[in-house]
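First up is the structure itself, then whatever we jot down about it.
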Protein chains: 2
Amino acid sequence: MIKCAKCRQIDFVQKSGIVRGKQRYFCKACDYHFTLPEAVENRKNKPRHQVTIIDIANELGISKSTVSRALRGHTDIHEGTRKMILDLAQQLEYQPNPLANALLKSRTNIVGILVPEFRHYFFPTVIMGAQEILSKAGYNVMICQSDESYDTEVANVKALMNSRVDGLLVSVTTQTNNVDHFRTVLRKEVPLVFFNRVCPELDTPQVIVDDYAGAFQAVEHLVQQGYRRIAHLAGPVSLLVSRLRMKGYLDALQKHGLPVDNELIIHYDLTEEKARIYANYLLSLPQPPDAIFAINDPTAIEIMLVAKSRGVKIPQELGIVGFSNDPISAIIEPPLTTVEQPVWEMGRQAARILLEQMENPRIETYQLPTRLVVRGSSVNC
Amino acid sequence: MIKCAKCRQIDFVQKSGIVRGKQRYFCKACDYHFTLPEAVENRKNKPRHQVTIIDIANELGISKSTVSRALRGHTDIHEGTRKMILDLAQQLEYQPNPLANALLKSRTNIVGILVPEFRHYFFPTVIMGAQEILSKAGYNVMICQSDESYDTEVANVKALMNSRVDGLLVSVTTQTNNVDHFRTVLRKEVPLVFFNRVCPELDTPQVIVDDYAGAFQAVEHLVQQGYRRIAHLAGPVSLLVSRLRMKGYLDALQKHGLPVDNELIIHYDLTEEKARIYANYLLSLPQPPDAIFAINDPTAIEIMLVAKSRGVKIPQELGIVGFSNDPISAIIEPPLTTVEQPVWEMGRQAARILLEQMENPRIETYQLPTRLVVRGSSVNC
DNA sequence: ACCAGTTTCGGGAAAGTTCCCGATAGTTTT
DNA sequence: AAAACTATCGGGAACTTTCCCGAAACTGGT
């Protein structure tokens, strides 16, 4: 028979249903429900137990508060006690559990970085710059890439927010027109800094280079080299960089009295295939351009390859200027004239502003300088 | 006068020291120490309170257990109750706090990736491959780069472990000879998978390509093209890839009866500057090589640049073969012959093995195929 | 009305910290 | 020697979630 778990009697015990597959009993004497306890086997299989502050406290016969104080370098503790704790902690290879801390303080010490891609030179380098600053400030970095897809971007922002990052460094995709997902970030008061591909409609810091001046210089250079029919393979209108570089292009043409031919202006989505298609299109026009200003270096290089394959001589028949000064630009034949921008520094700057943003929020746009680097692809001599 | 906080009398209260800047009192009547409570002002300044499971429970007048069950899709819950909870959760934009979960389960759902650099094509691409698999499996990724510094690598491993990552994907630096920091990882039973630059002395999975066969093919190809004095600008001996590719190089020479000239074999640390220095050195030997097999594409390209600057004609006077088939290899002039390796797939494979490792650990070395891509830099016709 | 059985819910521990605040022992002042 | 004070320590709440298990509220069948 079954003995009551409380009064140890057996006479008043009766069955009382099954709960989670186990028979349950009821003792009428002491009005008590119970089930038979499991065998002791399959409990207590905690595999790896990280050494905690409590282990140290127990070992030393003191309280966890005291251990915490010693470890945190707090005052209010005896020098001898502290040393004792510190020694044992070292011996036990104690590692504080950042999860507990994060849960308590709602701070993860993780910064999320979201970029559209990192196949090319630009974004990896920005990331390295940002990482340099952030890791120095004690932050880890979680990197996501949206792959130029708006949906992926939204999903990534969600995932990053869900991971409770302490801040966000973002460069948007070419598809990003709706920015509600970033408004959510701002609403939850998570510091957010845009770089390169920014969102001027949002009240949060932005780090860009002087795209206008860079583009203006580049196109003016082409004019001065004698090119007259200058095309612009531009980025999507959705991106501010595209618009600014476009404006530089247009103003440079205007300044030198050159007509604007809309046939020579193409916005595209920055994919390799499209770059090739449009380069071919431009070069097969009845009146093809004699120079092309490309939104960035990868685009410029695609154009160069297309031109080469068509037997178009660079720079004699076609001048080309890029933007960003990727290392490959100096290597390719002929070397590419391009607008240099401080890529690494952009990452550092964005990170610095993010850190500052955590202290005292301030909305500002930071602009870094550009510089024209003249190489063989545009020197028509 | 001061009223005792316990017996409400004022006659027996006397001062009793200052604690943390606040006056403390002692009531002799009830033998009770106390301080005056603060004004209600400066407490309760919790700024942003994420909506929790308890908020939902309170709102609905039920227990947090029930809410948890509803959200977790558990059984043991009334369909109506579940719907009610799910609706409110959605309305309140409830986001479960992964930190609490992580603390409870000791699982962060974060995988750490540690690479020596990501300036070039290789590592970013591997990372993208890994990320594709990992994010599909619900993992976030934390990326660190050791910058080819052993000390940074050790620090990064420590930081990653400290962040309680659930697994680690690693490619070591050129300096890594001591692997104790990885032994620590293994000892704590954190899944660890090496790729590309592996640690065969550790009992954990490794993902590599068939470096030996690739190198062998590459050198044999050079021989077949008529090159006879083939140099090898190799990686550091510490790396297994270096040794394997070296072996392929040596065996190919031997197979075709070519002598091994130690003067033509150089191990270096994979930095740009050294690549230039050694390329110059090789080309200024009394008997310079007529071909060079480079450990990887960036190295091959540095050699090409040096050769060009010295007026050495490629491929007529110098054949060059690289390894990895970086996209730049197809672009440069002349295009570079190279050994293609499935870079993206390597990342995917490493990630898959890491995930598998979390379920049932198994130690194995996985080898991916290579394929020679012949281009202009080595075709001596 | 009584009992066996089922469905649904609540209480509370656990995870590892930090931090507030009360408590104790010892030390100096009056 | 009492009063006022300092130095040091412990207790326990809080952070959020999951999960175990006990309990209440039902449903049918006698």
Side-chain angles (χ1 to χ4, degrees), chain A residues 5 14-26 28 31-35 37-38 43 46 49-57 60-72 74-82 94-107 164, chain B residues 5 14-20 22-26 28 31-35 37-38 43 46 49-57 60-72 74-82 85 94-107 164:
Chain A
Q14 60 187 184
K15 288 201 203 165
S16 164
I18 294 173
V19 59
R20 274 172 292 269
K22 282 173 60 183
Q23 181 61 56
R24 192 145 148 276
Y25 300 94
F26 177 65
K28 284 170 72 178
D31 188 41
Y32 183 65
H33 286 271
F34 63 93
T35 57
E38 295 237 0
R43 52 221 311 191
K46 327 206 120 194
H49 171 72
Q50 287 278 4
V51 34
T52 83
I53 215 175
I54 299 182
D55 295 331
I56 298 180
L60 259 32
I62 57 180
S63 85
K64 61 184 177 12
S65 314
T66 307
V67 179
S68 173
R69 263 197 302 271
L71 261 12
R72 300 283 324 186
H74 210 279
T75 147
D76 264 33
I77 190 167
H78 188 76
E79 200 43 58
T81 314
R82 157 176 296 152
Y94 167 75
Q95 291 279 76
N97 187 332
L99 295 167
N101 199 13
L103 176 58
L104 194 61
K105 308 273 207 54
S106 312
R107 291 198 41 178
R164 299 290 199 275
Chain B
Q14 62 187 186
K15 290 198 201 166
S16 164
I18 294 174
V19 59
R20 274 173 293 269
K22 280 174 59 182
Q23 182 62 54
R24 200 150 74 101
Y25 300 94
F26 177 66
K28 284 169 72 178
D31 188 41
Y32 183 64
H33 285 273
F34 63 92
T35 58
E38 295 238 0
R43 53 217 318 189
K46 326 206 123 192
H49 170 71
Q50 289 276 7
V51 35
T52 84
I53 215 174
I54 299 183
D55 296 331
I56 298 180
L60 259 32
I62 56 179
S63 85
K64 62 184 177 8
S65 313
T66 306
V67 178
S68 173
R69 262 196 303 272
L71 261 12
R72 298 284 322 183
H74 211 280
T75 148
D76 264 35
I77 190 167
H78 188 77
E79 200 42 57
T81 314
R82 156 176 296 151
I85 293 171
Y94 168 76
Q95 291 279 75
N97 187 333
L99 295 167
N101 199 11
L103 176 59
L104 196 61
K105 307 273 207 54
S106 315
R107 292 197 42 177
R164 298 291 198 276

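Order of the sequence lines sets the chain letters (A, B, ...), proteins ahead of strands, with each chain counted from 1.
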Would you kindly give the [atom1]-to-[atom2] distance between [X] and [N], to the nearest whole Å?
X	N	atom1	atom2	result
B:I56	D:dT17	CD1	C1'	12 Å
A:F26	D:dA23	CZ	C1'	11 Å
A:E79	D:dT8	CD	P	9 Å
A:L60	D:dC9	CG	P	11 Å
B:Q50	D:dA14	CD	C1'	17 Å
A:H78	C:dT24	NE2	C1'	16 Å
B:L104	D:dT18	CG	C1'	5 Å
B:I54	D:dA13	CD1	P	14 Å

| When you match A:P96 and A:D76 each to their closest nucleotide on DNA chain C, which lands nearer the 5' end? | A:P96

| task | Between A:R24 and A:I53, name the one whose nearest nucleotide on DNA chain C is closer to the 5' end. | result |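 The residue mapped nearer the 5' terminus is A:R24.
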
Closest to the [X] side chain, choosing from [options]:
X	options	result
A:T81	D:dT17, D:dA3, D:dC9	D:dC9
B:K15	C:dG16, D:dA4, D:dC9	D:dA4
B:R69	D:dC20, D:dT8, D:dT17	D:dC20
A:N101	D:dT18, D:dT17, C:dT18	C:dT18
A:I62	D:dT18, D:dG10, C:dA15	D:dG10

Just to be sure I understand the rule, does [X] reach a base, reach only the sugar-phosphate, or reach nothing, if contact means heavy atoms closer than 4.0 Å?
X	answer
B:Y25	nothing
B:S65	base
A:K105	sugar-phosphate
A:T75	nothing
A:I77	sugar-phosphate
A:L103	base
A:Q95	sugar-phosphate
B:Q23	sugar-phosphate
B:R72	sugar-phosphate
B:T52	sugar-phosphate

Spacing of [atom1] belonging to [X] relative to [atom2] belonging to [Y], to within rounding of 0.5 Å:
X	Y	atom1	atom2	answer
B:Q50	B:L99	CD	CG	10.0 Å
B:I62	B:R69	CD1	CZ	9.0 Å
B:N101	B:R107	CG	CZ	9.0 Å
B:I77	B:R82	CD1	CZ	5.5 Å

Between [X] and [Y], which heavy-atom pair has the shortest distance, and what is it?
X	Y	answer
A:P96	B:R164	O-NH1, 3.9 Å
B:A57	B:S63	CB-C, 3.7 Å
B:I53	B:Y94	N-CE1, 3.6 Å

Would the base of [N] count as contacting [X] through its side chain, where contact means a donor and an acceptor less than 3.5 Å apart?
X	N	result
B:K64	C:dG12	yes
B:R164	C:dG16	no
A:S63	D:dG11	no

| Can you find a side chain N or O atom of B:Q14 that sits less than 4.0 Å from OP1 or OP2 on D:dA2? | no

| request: Report the residue (A:R82 or B:S68) whose heavy-atom-nearest nucleotide on DNA chain D is the more 5′ of the two. | output: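 Residue closer to the 5' terminus by nearest nucleotide: A:R82.
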
